[in-house]
Amino acid sequence: MDNFDHWFSTATKGLAQEEVKLLLPELRNHYEDTLQHHLGNGQSATDASAKAVASLGDPKQCNRQYRQLYFSESEYKSLFTPAQQNLIPSAFVVGMASVALVVVTIRLIYSVVVEKGNPDLGGFLMVLTLSLIFASLYLIARHCPSLRWPGPNKVGAPLPQPLPLASISPPEIAALRLSHILLLLSVITLTLMVANWSWGFAGAIFGPLYFLFFLSVLTMFIPIIRKLSRFGRDGQRSA
Amino acid sequence: MYSSVMNLKGSLPLLVLETLARGPSHGYAIAQQIKARSEGVLDFKEGTLYPTLHGLEREGHLESYLETMTGRERRAYRLTPQGFGHLQQQRQSWSSLSGAIGKVLEGGV
């Protein structure tokens, strides 16, 4: 393993192989150019190689920067592979689970409104339910051009119309998977919150806690969503 | 001189856009042009250039294409019309910022 190989393996440690393949040609070309420059100045091969690698910078620092922009191995595996095969079963399971949870939530809201005679709280919970669901979908649509409606609307809608399952691209599948996870998470959070109020637990304490939990998980997803935004509507990575 | 340790993290995208406004180029050439035009004052670790280029491309300010030069296939970058607009804005921001700092420094001690 030469100087560059050692530097590169440290700088790209933990990144998905697909990302590494993207970076390797550019960085190797950069290294080769710098090497030739130093050799042209009469330096020995050893010195030239050492200087060419040094000019790239601290590989650990580069690795930290690369991880902010490129998918890690685990992120890539969970979102992109196997790409096509399990989309429909996944959508079906998540869809059914979400529908079931929404039904439970509505039943619980009904019990708050009718059985406990608290229409204000019921209305509030209903608005909160819908807001959380739409906020999750909006977040995906906002950051994933591949999932927007075609047209001048910059905000976009969560799904293209009609969803071309035969030609759907891997990044679209990844974004859909992410939206499934967020949708399910938001519905579970809401069900817990509403159940809390409905069953007369200490809703005032646990409700906000569930909500904070949801927000903190959502925050963890934001870097992944940003990485997904590198893909255009045609499914091609911008770099 | 306060040269090789100068922190370019925030201003590297602007320097890259400015360099590419003179014509398409690839990573190594961009790095060399920035150093040459600043007479060596603006030095940076070149491994950090590529996330900057890819980030600018993600934001639509640059587009890339493959070309073969000296027997090697390279990815070259060029400004998009959006990138030109963004560069104009950044130039104005930088100009007003440096003007303001200059006024403070002129006040001196």
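Letters A, B, ... mirror the listed sequences (proteins, then strands); counts begin at 1. Atoms considered below: every heavy atom in the structure, side chains included; atoms not considered: hydrogens, waters and symmetry mates.
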Undergrad: How would you list, in number order, the residues of residues 18-28 of chain B that have a heavy atom less than 4.5 Å from chain A?
TA: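 Counting heavy atoms that sit under 4.5 Å from chain A, the residues of residues 18-28 of chain B involved are B/H26, B/G27, B/Y28.
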Undergrad: Run the numbers on A/D33 and B/R72 for side-chain contact (heavy atoms from CB on, under 4.5 Å), then give the verdict.
TA: CA-CA 11 Å; A/D33 285 336; B/R72 271 187 277 161; 3.1 Å; yes
Undergrad: Under 4.5 Å, counting heavy-atom pairs only, tell me which of A/T34, A/D58, A/L27 racks up the most with chain B.
TA: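 Most heavy-atom pairs within the cutoff with chain B belong to A/T34.
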Undergrad: Quick one: CD on A/Q65 to OG1 on B/T52, what's the gap to the nearest 0.5 Å?
TA: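 So the CD of A/Q65 and the OG1 of B/T52 are separated by 6.0 Å.
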Undergrad: Can you say whether B/A31 sits under 4.5 Å from chain A via the side chain, the backbone, both, or neither, judging by heavy atoms?
TA: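 The side chain, not the backbone.
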Undergrad: If you count heavy-atom pairs within less than 4.5 Å of chain B, which of A/S55, A/P59, A/A54 leads?
TA: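 The answer is A/S55.
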Undergrad: Might you confirm whether atom NZ of B/K35 has over 12 heavy atoms from other residues, nucleotides or ligands at distances under 6.0 Å?
TA: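 Atom NZ in B/K35 is packed in, count exceeds 12.
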Undergrad: Could you tell me the separation between the CG atom of A/N29 and the CD atom of B/E73, rounded to the nearest 0.5 Å?
TA: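 Nearest 0.5 Å value for the CG-CD distance: 9.0 Å.
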Undergrad: If you round to the nearest 0.5 Å, how far is OH of B/Y50 from CG of A/L22?
TA: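 Answer for the CG-OH pair, A/L22 versus B/Y50, is 12.0 Å.
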Undergrad: To the nearest 0.5 Å, how far apart are NE2 in B/H54 and CG in A/L23?
TA: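 Between B/H54 NE2 and A/L23 CG, I get 6.0 Å after rounding to 0.5 Å.
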Undergrad: Roughly how far, to the nearest 0.5 Å, is CZ of B/R74 from CZ of A/R28?
TA: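 That separation rounds to 13.0 Å.
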Undergrad: So which atom in A/Y66 and which in B/G47 form the shortest heavy-atom distance, rounded to 0.1 Å?
TA: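 Scanning both residues, the minimum pair turns out to be OH-O, 2.7 Å.
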Undergrad: Rounded to the nearest 0.5 Å, how far does SG of A/C62 lie from CD of B/E46?
TA: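 Going from CD on B/E46 over to SG on A/C62, the span is 10.5 Å.
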